Structures are given as C-alpha cells and as structure tokens.
Chemist: 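Structure below; questions to follow.
Worth knowing before you read on, the calculation uses all heavy atoms, side chains too, and leaves out hydrogens, waters and symmetry mates. Order of the sequence lines fixes the chain letters, A, B, ..., with proteins taken first and strands second; residue numbering starts at 1 for each chain. Bear in mind that the values here come from a model prediction, so they are computed numbers and not experimental data.
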Protein chains: 2
Amino acid sequence: MRLSELSARSGVPTATIKYYLREGLLPPGERLSASRSEYGEAHLRRLRLVRSLIQVGGMSVARTKDVLRAAEDETLDQHEQFGAAQVALMGGGGPQGVALEPGAKAQETVDELLAEFGWEQCGNIPAYWMLVGAVASLERLGYPCDLAQLRPYAAAVEPVARFDLEVVGRYPAGDERLEAVVALTVLNEPVLLALRRIAHAHVSGSMPQGQAPARQTLS
Amino acid sequence: MRLSELSARSGVPTATIKYYLREGLLPPGERLSASRSEYGEAHLRRLRLVRSLIQVGGMSVARTKDVLRAAEDETLDQHEQFGAAQVALMGGGGPQGVALEPGAKAQETVDELLAEFGWEQCGNIPAYWMLVGAVASLERLGYPCDLAQLRPYAAAVEPVARFDLEVVGRYPAGDERLEAVVALTVLNEPVLLALRRIAHAHVSGSMPQGQAPARQTLS
DNA sequence: ATCGAGGAGATAGTGCCACTATCCTAACAG
DNA sequence: CTGTTAGGATAGTGGCACTATCTCCTCGAT
C-alpha cells in the first residue's frame, strides 16, 4: 500500500507519517523506486500502536521511539523485554532524577514495602525511582506516606501484574509478544487510573456524605 | 513572608511564582503597599501542592488551575469534591472526546463491567469516557479488551478506592480535606503505576522465562 | 532627604515539542 | 507527453511552561 492509503486507513495525515518515518518510529517501506514505497499491514499495525502510545498513553515521540527500539531487540527474553520497555518508558530516570532532600524517609519506606512483598531485587529499575519520587512528594506536602498508606496499593497491584504477565504470555513469542508487552503495559495504565476514579465516584456516592465516612480504622 | 522568601523556601524561582500568581494558581498575597505583599504558610503549602501536581502528577498549568478552583468551592460535599476535581482533572472530556468508530463495542463492554461491579450511576463522569477511550484503543489495535480482561483491574482498584476515601475522611472537612482530595487523587496515581511496573518486574523475574508463563487460565 | 535593594506588574522572549506546509524532483498512469 | 501523486528535505506553526527585562514604586538604612 502507498503512503496515502496508509494515511487513509490509519487516519493519520501523510505529513505526520513522514514525520514518524523520519523519527524512526516507523520502519521505512519497501522501496519500489526513487519515488515509491510499498507499506504492508505491519506498517499499519505499527502506526496504530505508535498513535495509541502517544495519544492514549501520553508518551512523547522520543520515548515512543526508544520503547519500540527496545522492544525490537529480539535477543531479550520476556523479563528483559518488560525491563527494556520500562527503562525506555520513563527515560531511565535514576536516583539523580528524584532529588531527595536530606532526612526524607521515602526511600526507606519504599524499601520496607518491597521487602514486605518480597520484591527485593527491584531496586534499580526506573519504576522504583518513580515510586520513591512520588512518596517523597507526598511527604514533602505533609501527607504521611508510610507503609500503611502504601500497602493497599501494593496488594492491589500484585494480582494485576500477575494477570498482565499471563495475558502477555498468550501471545506467540516474537514480534507479536513484543508489541503486546508495550501495548498492554502502557495502554492499560489509563484503564487502571480511570477505574480507580470511577470507583472513587461510586464509593463516595454510596457513603454517608458530608463528614468523615469512616472512623473505625483510624490509627 | 516576601516573594523572595516564598521562593527560597519552596525552591521555585520568583519569576515562576509570579507566573503562577498571574495564572491564578496561587492566590495573591496580602497587599501591604503598592509594591509589597505578604505571603503566609498557606501560600507556601499551596505552592508546593501546585508544583507536585504539575511535576509529579504531570498536569498542565491550566488543568491545575481548574482543579484548584473546583476544590475551592466550599459548598460541595466530599462526593462532589471528588467529582469536581475529576472533571477538572481530565478537562471534562465527554463522549465527543473519544471518537468511537462504528461497531466499537468498547462502551458496551465498559457498561457491562460497571453493571457487574454495581457501579451503575457512574456513566457520565470524565473517567468513564477515559476508560471507554482506552478500551476502544486496545480493541482498535486488535487486543481483545473484554470483561475477562477488565475484571481483574476493576477488582484490584475497588479496595484502593475504598481506602482512599477512608484516608481522605480523616482530614478535617474544609480546606485541608479539599487539598487532600486533590493531592491524594493525583499524587497516588504515579504510586499505583510505579507499583504495577515493579510488580511486573518481580513477577516476570520469578516465572519460568521465555515461553508462556501460564496456560491454565486461558479462556 | 537620599539612595539602593528589592517587589509588583507588564510585556516580550526562549526552548521544546509535535506536528504541518511548502518546495522540488521523480516517476507512473493514461 | 502530461497531470497527479510519492518521496525527501527544510522551514514554519502553535502551544506550553516558563524566563528575562523593563519600569515604576516603596521601604529602610544612612
């Protein structure tokens, strides 16, 4: 198929497709001549994935490129694919990206949490630092973000992660699974957040209103 | 305190504070004279909240303003506060923001899910449309996003929402609770996402690698 | 009283990002 | 042979979040 057809079938303007080609988000088509290239279904799928990652997943073009590059490395196993995708997903922000002030116990709290859940060897992935940063922010604002606060979140997320891996495992190893890892990691994030907010609406609606809805579990 | 002290104690440049004042993210200080204003601890707290929402929560300046405006409306009860914060949080994107193609069963799936969880009256909040959009995206990419896919997410998120509401209820109704609603709604989102990814890393690391890690629960 | 530091307010500029528009040239189709 | 379309390069656009500068003002120390 031609560029124009790719554009028509994906809904993405040709100028934008050219831009994605330039940026390496989309592999070049098969050159038929100096002024004609042929694109296949794979291009269409990839293009749709790119658009979803950028528009639904809220990722930047540069990060999207890195994620896809990482996922294209066929030498990685599933664990490493998740890892590579993750690293790319948040720009590999390490400890330096967090700026803990002295006395912040955020990292300590996080370590305790991970220990409690047996997630010990996860101390150097970008998500770890993202978590430390978020906890530090909450603390800085005066919200106690201790184990008791984090535990329900970790407990909730564990079966989700297990389920995600199981789902990904259904895809045949190779290109398809690579794409599935990226798509499901990123595109289920809005699902998770939206459901949490819907649940907020439901739970707050079904509680006695106006005052504190629960007192029995106060510390 | 003066602008410069506010800047020093918050770490935000004075030019940026002025910008926030202009944009209405920060209420003006108490005017002492034509060229001097006094800021209080409340300003410092608010400023830190704004920075957290923007930098940690990834919100735009405009949305942050709307959220804070909504939260400042003291006539709302807790349920409505969550609602107002939510509406502001995602720009009130209604059905028109999603662009379902004909034949998309995303909305149907979502409705079924909400019915199954008894979250029936939540059909018009922005989060609902965010969810429909995300599900539609997954479908468009060829990932089956049916009840079986969504159920674990909804099940995971329900106790989290319950916990969130309970935590918010601990704060004295008024300014503090308003701020808590905003801060905890937004700033716990990175916590949730980071923990999911950490759990991915852990779960994938602890599974037999390379091939499908689980087959027994296949549909 | 004077003078200098610093704040308030207005306006313009910066850097980045995700496109988008315009050229030009080269085919392919009729 | 020619009009339409593709590809490639380059430059421009618009939005956003600041950031820099400039002017005027006033407070406080000398």
Side-chain angles (χ1 to χ4, degrees), chain A residues 1-40 43-44 47-68 88-91 186, chain B residues 1-40 43-44 47-68 88-91 93 97 186:
Chain A
M1 106 189 61
R2 300 288 185 284
L3 182 64
S4 58
E5 191 182 346
L6 194 57
S7 165
R9 286 182 58 187
S10 63
V12 180
T14 59
T16 305
I17 298 178
K18 286 185 182 181
Y19 167 62
Y20 289 161
L21 286 165
R22 266 199 313 282
E23 297 297 313
L25 273 76
L26 217 52
E30 185 194 354
R31 284 300 288 269
L32 299 177
S33 74
S35 75
R36 214 142 287 214
S37 293
E38 179 74 12
Y39 303 96
H43 286 89
L44 183 57
L47 180 55
R48 287 208 254 248
L49 176 62
V50 165
R51 272 265 132 161
S52 297
L53 292 180
I54 289 174
Q55 295 193 331
V56 182
M59 293 178 43
S60 73
V61 166
R63 279 241 260 283
T64 304
K65 182 179 73 184
D66 294 342
V67 170
L68 294 172
L89 274 172
M90 18 189 128
V186 177
Chain B
M1 98 189 70
R2 299 290 187 287
L3 183 64
S4 59
E5 191 182 347
L6 193 59
S7 165
R9 288 181 57 186
S10 63
V12 179
T14 59
T16 305
I17 297 178
K18 285 185 182 183
Y19 168 62
Y20 289 162
L21 286 165
R22 265 198 314 284
E23 297 296 314
L25 275 76
L26 216 52
E30 184 194 355
R31 284 298 289 269
L32 299 179
S33 75
S35 77
R36 212 142 289 214
S37 293
E38 179 74 12
Y39 304 96
H43 286 90
L44 183 57
L47 180 55
R48 286 208 254 248
L49 176 61
V50 165
R51 271 266 132 158
S52 297
L53 292 179
I54 289 173
Q55 295 193 333
V56 181
M59 295 179 40
S60 74
V61 166
R63 279 241 261 280
T64 304
K65 183 179 71 182
D66 294 341
V67 170
L68 294 173
L89 274 171
M90 13 190 129
V186 177

Chemist: I need the CD-P distance between B:E38 and D:dT26, as an integer number of Å.
Modeler: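 Value for this atom pair: 18 Å.
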
Chemist: How many Å lie between OH on B:Y20 and P on D:dC16, as a whole number?
Modeler: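 In whole Å, D:dC16 P lies 15 Å from B:Y20 OH.
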
Chemist: Between D:dT19, C:dG7, C:dC28, which nucleotide has the shortest distance from any of its atoms to the side chain of B:T16?
Modeler: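 The nucleotide sitting nearest to the side chain is D:dT19.
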
Chemist: Measure from the side chain of B:Y19, starting at C-beta and using heavy atoms only, and say which of D:dC18, C:dC19, C:dG7 lies closest.
Modeler: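 Shortest atom-to-atom distance from the side chain points to D:dC18.
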
Chemist: From C-beta outward on B:S33, which listed nucleotide comes closest to its side chain: D:dC27, C:dA8, C:dT20?
Modeler: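 Selected nucleotide: D:dC27.
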
Chemist: Return the value, rounded to whole Å, for the distance between atom CG of B:L32 and atom P of D:dC25.
Modeler: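 Rounding to the nearest Å, CG of B:L32 and P of D:dC25 are 18 Å apart.
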
Chemist: Assuming nearest nucleotide by heavy-atom distance, tell me which of B:A62 and B:S35 is located more 5' along DNA chain D.
Modeler: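 By nearest-heavy-atom nucleotide position, the 5'-most residue is B:A62.
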
Chemist: Between atom CE in A:M1 and atom P in D:dT5, what is the gap in whole Å?
Modeler: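 From A:M1 CE to D:dT5 P: 19 Å.
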
Chemist: If I take atom CG from residue B:L6 and atom CG from residue B:L47, how far apart are they, to the nearest 0.5 angstrom?
Modeler: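 Result: 5.5 Å between the selected atoms.
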
Chemist: How is A:T14 classified with respect to the nucleic acid when contacts are heavy atoms under 4.0 Å: base, sugar-phosphate, or nothing?
Modeler: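 The residue A:T14 makes no contact with any strand.
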
Chemist: Identify which nucleotide among C:dT20, D:dT5, C:dA18 has an atom closest to any side-chain atom of A:V61, counting heavy atoms from C-beta outward.
Modeler: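 For A:V61, the side-chain atoms sit closest to C:dA18.
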
Chemist: Can you tell which of A:V56, A:V50, A:L49 makes a side chain to side chain contact (heavy atoms under 4.5 Å, CB included) with A:L53?
Modeler: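 The passing option is A:L49.
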
Chemist: In chain order, what residues pass the side chain to side chain contact (heavy atoms under 4.5 Å, CB included) check against A:S37, with sequence neighbours excluded?
Modeler: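 So A:S37 forms a side chain to side chain contact (heavy atoms under 4.5 Å, CB included) with A:R31, A:Y39.
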
Chemist: B:R2 or B:R22: which one's nearest nucleotide on DNA chain D is closer to the 5' end?
Modeler: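 Nearest nucleotide further toward 5': that of B:R22.
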
Chemist: Write down the distance between OH (A:Y39) and C1' (D:dT5), rounded to a whole number of angstrom.
Modeler: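 Atom OH in A:Y39 sits about 13 Å away from atom C1' in D:dT5.
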
Chemist: For a quick check, tell me whether the side chain of A:K18 and the base of D:dG8 share a donor-acceptor pair closer than 3.5 Å.
Modeler: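 Looking at the base of D:dG8, it does pair with a donor or acceptor on the side chain of A:K18 (distance under 3.5 Å).
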
Chemist: Kindly point out which of C:dC19, D:dC18, C:dG7 is positioned nearest to the side chain of B:S4?
Modeler: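 Per side-chain heavy atoms of B:S4, the pick is C:dG7.
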
Chemist: Hey, what do you get for CZ (B:R2) to OG1 (B:T14), rounding to the nearest 0.5 Å?
Modeler: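 If we round to the nearest 0.5 Å, B:R2:CZ and B:T14:OG1 are 14.5 Å apart.
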
Chemist: Across the strands shown, which category fits A:L21 at heavy-atom distances under 4.0 angstrom: base, sugar-phosphate, nothing?
Modeler: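 Here A:L21 touches no strand at all.
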
Chemist: Would you mind classifying the nucleic acid contact of A:A15 as base, sugar-phosphate or nothing, using non-hydrogen atoms under 4.0 angstrom?
Modeler: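 If one applies the 4.0 Å heavy-atom cut-off, A:A15 turns out to touch a base.
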
Chemist: Rounded to the nearest angstrom, tell me the gap between atom CE in A:M59 and atom C1' in C:dC19.
Modeler: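 To the nearest whole Å, that distance equals 17 Å.
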
Chemist: Considering only side-chain heavy atoms of A:R31, which listed nucleotide, C:dC19, D:dG7, C:dA27, is closest?
Modeler: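 Selected nucleotide (nearest to the side chain): D:dG7.
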
Chemist: Using a cut-off of 6.0 Å, state whether more than 12 heavy atoms not belonging to A:E30 lie near its atom CD.
Modeler: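 No - once you tally the heavy atoms of other residues, nucleotides and ligands closer than 6.0 Å, there are 12 at most.
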
Chemist: Just how far, in rounded Å, is C1' of D:dA6 from CD of A:E30?
Modeler: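 Those two atoms, CD and C1', are 15 Å apart.
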
Chemist: Would you indicate, yes or no, if C:dC19 has its OP1 or OP2 atom less than 4.0 angstrom from a side-chain nitrogen or oxygen of A:R51?
Modeler: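 Answer yes for this pair, as a side-chain N or O of A:R51 is under 4.0 Å from OP1 or OP2.
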
Chemist: How close do A:R9 and A:R48 get, counting heavy atoms only, and between which atoms?
Modeler: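 Shortest heavy-atom contact: O-NH1, 3.3 Å.
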
Chemist: Counting side-chain heavy atoms from CB outward, which of D:dG8, D:dG7, C:dG7 is closest to B:L3?
Modeler: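 Within the option list, the nearest is C:dG7.
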
Chemist: Expressed as a whole number of angstroms, how long is the span from B:R36:CZ to C:dG9:C1'?
Modeler: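 Result: 15 Å.
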
